[in-house]
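Notes follow once the structure below has been shown.
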There are 2 protein chains.
Amino acid sequence: MPIDYAKESELLKALAHPVRLRMVEGLLGRECNVNKMVKALGLPQSTVSQHLGILKSRGIVRIRKEGVKTCYRINDDRIAALIKLLGK
Amino acid sequence: MPIDYAKESELLKALAHPVRLRMVEGLLGRECNVNKMVKALGLPQSTVSQHLGILKSRGIVRIRKEGVKTCYRINDDRIAALIKLLGK
DNA sequence: GATATATATCGTATTATTACGATATAACGA
DNA sequence: TCGTTATATCGTAATAATACGATATATATC
């Protein structure tokens, strides 16, 4: 399958940040709401939300609303394999 | 193996550019000198050289000198699998 | 409706990346 | 040594990404 360089480089760019990489790895196999991530990461809420927005806009994650909470989960099938590759 | 987020996000950042992604894919399985890439990509020589420098500094490619020519080739075993993943 | 909680968005200063012409360096052949 | 070819580096203007406080919005509870 021919690669869409512009599109796939956007995907990689979204993952190419230490905080987002950590977020994505943390979301493998389980969903998580924003507040939990804020606490786990020790970063300002606005910063975490901004990073999540980037991951969402690239289709890497998607959300599920649960009352007032927003639960994020992985939405791209390739992510798990990609993260696994990085650990080698 | 636990991921070094800073290190691996640097790897992804180096790949997260349409031109560099195209370069890397073009180098899968075969080496190529700078001038050939300049012609193939239709970009200024300084631009191509700058991108190659980024790929090299992250260990994604390495070089072999052949007289005046510099031949670039893939140097990271994970790259082929990563590119393959992107095409899915 | 008032309040508290969860999250998103805005504004913006700082820092990083990009593109590319100009210039430098290095190897080769005449 | 000169000229040519191949490549790297420099300088820099333009653009993009980042961090994060302030603020807005939405939902639940009382």
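Every chain is numbered from 1 and lettered A, B, ... according to where its sequence line falls, protein lines coming before strand lines.
Here A/Thr70 lies in heavy-atom contact (under 4.0 Å) with sugar-phosphate atoms only. If you check every strand for non-hydrogen atoms under 4.0 Å, A/Lys13 touches sugar and phosphate atoms only.
For B/Lys69 and D/dT7, the shortest distance from a side-chain N or O to OP1 or OP2 is not below 4.0 Å.
In terms of position on DNA chain C, the residue among B/Ile54 and B/Gln45 whose nearest nucleotide sits closer to the 5' end is B/Ile54. The 5' end of DNA chain D is approached more closely, in terms of each residue's nearest nucleotide, by A/Ser46 than by the other of A/Ser46 and A/Glu66.
Electrostatic pairing of B/Lys7 and B/Glu10 does not count as a salt bridge here, judged by no charged N lying under 4.0 Å from a carboxylate O. Salt-bridge annotation for A/Arg22 and A/Glu25: absent, with no side-chain N of the basic residue lying under 4.0 Å from a carboxylate O of the acidic one.
Protein atom CD of A/Gln50 is 10 Å distant from nucleotide atom P of D/dC20, rounded to whole Å. Going from atom CD of B/Glu31 over to atom C1' of D/dA6 covers 15 Å, rounded to whole Å. Rounded to an integer number of Å, the gap from A/His51 NE2 to D/dA17 C1' is 10 Å. Between the NE2 atom of B/His17 and the C1' atom of D/dA17 there is a distance of 14 Å, given to the nearest Å.
Here chain A contacts DNA chain C (any atom closer than 4.0 Å to a heavy atom, that is under 4.0 Å), and the contacts span C/dT5 to C/dT9 from 5' to 3'.
Taking every heavy atom of both residues into account, A/Tyr72 and A/Val61 meet most closely at CD2-CG2, 3.6 Å. The minimum heavy-atom distance between B/Cys32 and B/Met37, with the atom names listed, is O-CE, 3.4 Å.
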>> Let's go through B/Leu21 and B/Ile83 carefully: what are the C-alpha distance in whole Å and the side-chain angles of both, what is the deciding distance for side chain to side chain contact (heavy atoms under 4.5 Å, CB included) to 0.1 Å, and is it a yes or a no?
In response: CA-CA 8 Å; B/Leu21 204 49; B/Ile83 298 285; 3.9 Å; yes
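Side chain of B/Arg20 to backbone of B/Ala14: a donor-acceptor contact under 3.5 angstrom is found.
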